[in-house]
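Right, one structure below, let's go through it.
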Amino acid sequence: MRRVSVFGATGSIGCNTVDLLRRQGGAGAFDVVALSGGHNIALLAEQARDLNAEIAVTAYPEHLDDLRNALKGTGIIAAAGDEAIAEAAARPTDWAMSAIGGYAGLRPGLALLEHGGVLALANKESLVAAGPLMLAEAARHKATILPVDSEHSAIFQALVGEDINRVQRLILTASGGPFRDWSAERIARATPEQAMAHPNWQMGQMISVDSASMFNKALEMIEAKEFYGVGAERIEVIVHPQSIIHSMVAFIDGSIMAHMGTPDMRFAIGYALNWPERGNLPVAPLDLAAMGRLDFEAPDEDRFPALRLARRVMAMGGLAGAVFNAAKEVAYDAFMARQIGFADMAVYVERALDSAESRGDHNATTFDLDNVIGADRAARIATREAIGLRQAS
Ligand code: NDP
Ligand code: MG
């Protein structure tokens with residue numbers, strides 16, 4: 001039986017992954033090693049019992065007693081804290097899902113790569129902050145990274161049997177989010193509730209807000225550059241409000257291959273789970289006649305400056321991705337706590353890039369975990385200071 005683990009099992013991607021594991025036979029078909037979660041202990045325990053996991057880990061030590069109680073009598077190990085997550089990630093698997101939200105997914109992702117096998121990577125932040133390190137670790141341990149971000153999965157599928165040198169450009173589609181047709185003034189006044197209301201995709205809170213600001217697409221541009229090794233000039237973004245085309249690859253002969261489907265993350269998760277084959281997925285069939293039309297428009301980098309910032313990060317190179325992601329996460333927290341406005345997020349991220357560039361923080365002669373952690377920490381401190389927040393301990 002395939003040994004599998006799901007990190008971030010209680011989140012949006014994690015629940016979809018558990019759903020597919022269940023539909024493909026659950027505990028009878030997979031040897032489930034580890035499941036991790038955060039605050040949602042009842043769900044984590046229910047998943048662990050149902051899939052008969054070896055170990056269930058919460059990121060938060062204050063929930064350990066609750067998790068232990070919920071798993072009493074099952075023989076499933078309960079554990080808590082970042083170290084416990086890293087240790088659970090070090091348990092060998094054939095296939096593992098990395099779907100913890102944000103920078104917290106980096107260390108478990110690196111630990112998962114150490115035992116080879118397939119890493120289904122939803123956690124885009126680990127590629128943005130530490131792409132060269134993730135790829136080097138994958139090569140060193142003969143692990144295969146399969147992208148789970150829908151755009152990158154679409155591109156991966158369009159590239160099967162193709163030569164990346166024959167690719168003219170990668171075309172990432174973007175829904176445009178809930179503020180696609182809002183004025184800059186209205187966007188600046190947007191509330192967290194408005195930003196969380198994504199028109200097409202059901203996702204976790206941070207990625208939903210990042211979709212509204214298009215920081216999500218900015219992260220994805222960098223993710224594409226890191227993962228596919230193409231220059232920034234070969235990465236294009238097009239707004240496609242219906243989210244039916246999940247992304248495209250344009251080749252040197254003028255052909256464009258598109259991946260299409262309803263907006264359902266189980267396409268990308270299921271592709272990674274069944275790769276290199278295709279499985280039967282419980283996704284709604286696409287009725288193009290009922291849709292009638294697909295629309296496209298150029299992205300507006302004035303109203304959505306995150307896209308411009310992504311190009312700057314790609315031009316800076318080195319640790320700029322770590323700086324960018326860290327400043328973005330701090331600005332996101334401040335926006336959600338109503339300490340800064342929606343449009344201020346891009347202002348503070350740009351400021352973090354300015355100061356990193358002027359100090360040369362992003363220059364790295366070696367690209368290792370210590371450098372990434374250092375750049376991340378410095379950018380978080382600088383951004384909290386710029387916003388006027390007290391430093392987290
Ligand atoms: P969610 O917020 O829904 O889930 C995040 C998961 O991480 C939950 O299991 C959560 O636990 C857990 N978690 C929370 N805090 C910590 C922590 N400090 N340490 C470890 N684990 C923690 O996020 P999504 O599922 O939406 O996104 C996960 C990743 O996948 C992100 O990197 C996102 O960018 C990427 N992604 C998501 C897509 C989507 O459709 N949702 C699409 C493409 C990419 P709990 O809920 O129990 O607190
Ligand atoms: Mg995506």
Side-chain angles (χ1 to χ4, degrees), residues 5-19 34-48 56-63 66-67 70 79-86 88-89 97-109 111 119-129 146-156 172-175 177 196 198 200-211 214-224 227 237 240 243 245-247 259 263-269 272 325 328-329 332-333 336 392:
S5 285
V6 182
F7 287 79
T10 52
S12 161
I13 293 286
C15 286
N16 277 314
T17 307
V18 168
D19 175 57
L35 299 179
S36 92
H39 294 297
N40 197 341
I41 298 303
L43 179 58
L44 178 62
E46 186 267 317
Q47 291 174 332
V57 198
T58 163
Y60 303 103
E62 63 268 31
H63 297 319
D66 287 347
L67 184 59
D82 293 341
E83 284 307 317
I85 288 188
M97 168 59 75
S98 168
I100 287 173
Y103 179 73
L106 174 59
R107 271 190 65 204
L119 178 63
L121 186 67
N123 180 269
K124 63 190 82 184
E125 294 86 350
S126 46
L127 273 182
V128 171
L146 296 178
V148 172
D149 216 345
S150 61
E151 296 75 3
H152 305 72
S153 173
I155 290 167
F156 190 93
L172 301 175
T173 49
S175 69
M196 281 186 288
H198 197 278
N200 303 345
W201 297 95
Q202 289 297 320
M203 307 182 287
Q205 201 165 282
M206 183 161 76
I207 186 173
S208 297
V209 174
D210 285 351
S211 296
M214 294 193 81
F215 264 115
N216 181 49
K217 209 51 56 182
L219 293 170
E220 290 178 357
M221 291 164 76
I222 302 165
E223 182 186 9
F227 191 76
V237 172
H240 164 46
S243 300
I245 296 183
H246 297 152
S247 275
H259 179 282
D264 188 328
M265 283 309 295
R266 291 176 301 182
F267 273 113
I269 300 166
N325 182 61
K328 195 277 300 173
E329 289 189 7
Y332 161 81
D333 285 341
M336 294 304 283

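All ligand and atom numbering here is 1-based and tracks the order in the structure.
With salt bridges taken as basic N to acidic carboxylate O contacts below 4.0 Å, none links Arg107 and Asp82.
Here the closest non-hydrogen pair linking Ser150 and Ala268 is CA-CB, 4.2 Å. Minimum interatomic distance between Asn123 and Gly101 (heavy atoms only, all atoms of both residues): ND2-C, 4.0 Å.
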- Message: Let's go through Met203 and Met265 carefully: what are the C-alpha distance in whole Å and the side-chain angles of both, what is the deciding distance for side-chain contact (heavy atoms from CB on, under 4.5 Å) to 0.1 Å, and is it a yes or a no?
- Response: CA-CA 9 Å; Met203 307 182 287; Met265 283 309 295; 5.7 Å; no
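Protein N/O/S atoms nearer than 2.8 Å to the Mg ion (ligand 2) total 3.
Using a 3.5 Å distance cut-off with no hydrogens or angles, the side chains of Thr10 and Asn40 do not pair a donor with an acceptor.
Below 30°, between 30° and 60°, or above 60°: for His246 and Trp201 the angle between ring planes is between 30° and 60°, a tilted geometry. Note: His63 and His39 have perpendicular aromatic rings, judged against thresholds of 30 and 60 degrees for the angle between ring planes.
When atom types are taken as modelled, the side chain of Ser36 and the backbone of Gly8 share a donor-acceptor pair closer than 3.5 angstrom. Between the His198 side chain and the Ser211 main chain, no donor and acceptor come within less than 3.5 Å of each other.
Protein neighbours of ligand 1 below 4.0 Å, counting non-hydrogen atoms: Gly8, Ala9, Thr10, Gly11, Ser12, Ile13, Gly37, Gly38, His39, Asn40, Ala59, Tyr60, Ile85, Ala99, Ile100, Gly101, Gly102, Ala104, Ala122, Asn123, Lys124, Glu125, Asp149, Met203, Gly204, Ile207, Met265.
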